[in-house]
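Residue numbers count from 1 along this sequence.
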Amino acid sequence: MDRRHYLRSLAVPAVAGTAGCLGVLGSSGAEGTVLGPPERDLSESAHPSYGDEMPHFTVPDPITGEEVSTEDFEGERAVLWTSFYTNCPDGVCPALILRLRRAQEVAVEEGYGDEAAFLALTFDPERDTADVLREYGGQQGVNLDAGNWHFLRPESYERGQELLDENFGLVIEKADADDYENLEYQFPHYGLILLANKEGIVERAYPRGPQTDIERLVNDFERVVNA
């Protein structure tokens with residue numbers, strides 16, 4: 001059974017949970033990594049984890065007008081990636097963006113912002129237009145002028161589904177939002193954050209990102225960038 005089917009046989013869409021694989025054990029890590037093995041082995045998960053290659057994909061950034069490719073960062077920038085949508089009603093997505101935004105703040109403050117990339121992929125392109133994403137970034141305290149943050153917007157909802165399924169093993173489906181006033185639909189989803197080094201190798205997967213310790217995530221990222 002491959003990793004993707006293994007996860008699907010066990011998992012249900014999650015919107016919250018405890019922190020995932022954090023910490024560094026020992027000094028002997030996977031080939032091409034900076035950090036040692038994490039406390040929790042996620043190698044059987046559908047999503048990429050420690051020692052895997054960061055998926056290669058290209059998605060438009062509607063704010064900058066660029067086509068952003070993960071391959072373009074290899075050899076130059078470490079990457080923090082997550083997926084989200086701006087109409088998230090339960091605080092999960094703001095918690096994910098907060099963690100990337102805090103890492104961005106520290107990168108700028110400590111002078112390594114040009115060696116970092118923060119990629120936040122919406123899976124709700126129908127509602128998350130360039131104007132909506134720009135406003136949302138301001139609300140969340142994201143520095144859109146730093147040159148290292150990209151809100152990524154697939155061309156369609158179906159393209160977003162395909163991208164997340166094929167590259168990250170994440171299943172995204174619209175669900176009714178009857179419990180929320182003025183919300184037509186919502187997405188039960190996984191709060192995954194990935195950290196990849198400058199060579200495009202995943203150093204950490206935080207599968208329950210909304211509750212991942214912010215300081216630990218920032219420290220992991222700083223170590224990887226400055227290795």
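- Each of T82, T70, V59 was compared with L119 under the side-chain contact (heavy atoms from CB on, under 4.5 Å) criterion, and only T70 meets it.
- Using modelled atom types, one side-chain atom of R99 and one backbone atom of T212 make a donor-acceptor pair closer than 3.5 Å.
- At distances below 3.5 Å, at least one donor-acceptor pair connects side-chain atoms of D52 with backbone N or O atoms of S49.
- Rounded to the nearest 0.5 Å, atoms CG (D128) and CD (E135) are 11.5 Å apart.
- Across every non-hydrogen atom of T33 and G51, the tightest pair is CG2-CA, 4.1 Å.
- To the nearest 0.5 angstrom, E105 atom CD is 9.0 Å from N143 atom CG.
- Here the shortest heavy-atom pairing between T122 and P154 reads O-CD, 3.1 Å.
- Closest of all the heavy-atom pairs between V202 and A205 is CG1-N, 4.4 Å.
- Counting only N and O atoms by type, the side chains of D220 and Y206 include a donor and acceptor under 3.5 Å apart.
- For R216 against D213, the heavy-atom pair with the smallest separation is N-OD2, 2.7 Å.
- Partners of N148 by side-chain contact (heavy atoms from CB on, under 4.5 Å), not counting sequence neighbours, listed by chain and number: R77, Q104, V108, F118, A146.
- Side-chain polar atoms of D41 and S43 form a donor-acceptor pair below 3.5 angstrom.
- In this structure, Y112 and F221 have tilted ring planes: the angle between them lies in the 30° to 60° band.
- Counted within 6.0 Å of CD on E53, heavy atoms from surrounding residues, nucleotides or ligands total 12 or fewer; the atom is thus considered open.
- Hydrophobic clustering of Ile, Leu, Val, Met, Phe, Trp and Tyr side chains at less than 4.5 Å, counting indirect connections, unites V68 with F123.
- The two residues I172 and Q161 make their nearest non-hydrogen contact at O-NE2, 2.8 Å.
- Hydrophobic clustering of Ile, Leu, Val, Met, Phe, Trp and Tyr side chains at less than 4.5 Å, counting indirect connections, unites Y85 with L121.
- Clustering ILVMFWY residues whenever any of their side-chain heavy atoms sit less than 4.5 angstrom apart, transitively, puts V92 in the very cluster that holds I214.
- Between K198 and the options E74, E115, E76, a side chain to side chain donor-acceptor pair (under 3.5 Å) holds for only E115.
- Annotation: the span from I201 atom CD1 to L195 atom CG amounts to 12.0 Å, rounded to 0.5 Å.
- Annotation for E181: atom CD does not count as buried by contact number, only 12 or fewer foreign heavy atoms lying within 6.0 Å.
- For the atom pair H150 NE2 and L144 CG, the distance stands at 10.5 Å (nearest 0.5 Å).
- Taking Ile, Leu, Val, Met, Phe, Trp and Tyr as hydrophobic and joining them when side-chain heavy atoms fall under 4.5 Å apart, one finds Y180 in a cluster with L183.
- Of the candidates R223, E203, R204, M54, N197 forms a side-chain contact (heavy atoms from CB on, under 4.5 Å) with just one, namely E203.
- Residue D124 holds its CG atom at 12.0 Å from OG of S83, rounded to the nearest 0.5 Å.
- With sequence neighbours excluded, no residue satisfies salt bridge (charged side-chain N to carboxylate O under 4.0 Å, His left out) with D176.
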V79 vs L194, side-chain contact (heavy atoms from CB on, under 4.5 Å): CA-CA, chis, key distance, verdict:
CA-CA 8 Å; V79 171; L194 292 182; over 6 Å; no
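- Of all non-hydrogen atoms in H56 and N167, the two that sit nearest each other are O-OD1, 3.7 Å.
- Atom CD of E184 has 12 or fewer neighbouring heavy atoms from other residues, nucleotides or ligands inside a 6.0 Å radius.
- Surrounding CD of E215 are at most 12 heavy atoms belonging to other residues, nucleotides or ligands under 6.0 Å away.
- V132 and F151 are not part of a single hydrophobic cluster, where members link through side-chain heavy atoms under 4.5 Å apart.
- In this structure, R40 CZ and S45 OG are separated by 6.5 Å, a value rounded to the nearest 0.5 Å.
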Check the pair F187 / E173 against side-chain contact (heavy atoms from CB on, under 4.5 Å), numbers first and verdict last.
CA-CA 6 Å; F187 293 91; E173 295 284 353; over 6 Å; no
Pair Y157, Y185 - check ring-ring contact (aromatic ring centres under 6.0 Å, His included), show working.
CA-CA 13 Å; Y157 164 58; Y185 58 86; 7.6 Å; no
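- Using bins of under 30°, 30° to 60° and over 60° for the plane-to-plane angle, the ring pair F84/Y136 lands in the parallel bin.
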Let's go through R101 and Q140 carefully: what are the C-alpha distance in whole Å and the side-chain angles of both, what is the deciding distance for side-chain contact (heavy atoms from CB on, under 4.5 Å) to 0.1 Å, and is it a yes or a no?
CA-CA 8 Å; R101 189 262 292 170; Q140 301 300 320; 5.8 Å; no
